[in-house]
J.: 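Supplied in structure tokens, the structure appears directly below.
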Amino acid sequence: MTVDAGDRLTREDLARLLWVTYRRTHDAAHIWLRETAARVGRRMAGEPGE
């Protein structure tokens, strides 16, 4: 969905935009948590890392 200056958003447009934003943020948080947990796990196991 592309929004240009002067366009009016309907409730459905706004709901879709908010859902997509939430979904991407939620997915990114899961990826970050998984990567962080793996990094901490390696560090606790004594493996060399970053």
J.: Can you tell me how far the NE2 atom of His26 sits from the CD1 atom of Ile31, to the nearest 0.5 Å?
T.: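 The NE2 atom of His26 sits 10.5 Å away from the CD1 atom of Ile31.
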
J.: If you round to the nearest 0.5 Å, how far is CG of Leu17 from OG1 of Thr10?
T.: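 CG of Leu17 is found 10.5 Å from OG1 of Thr10.
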
J.: Between the side chains of Asp27 and Arg24, is the shortest nitrogen-to-carboxylate-oxygen separation below 4.0 Å, so that they form an ion pair?
T.: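 No, no charged N to carboxylate O under 4.0 Å.
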
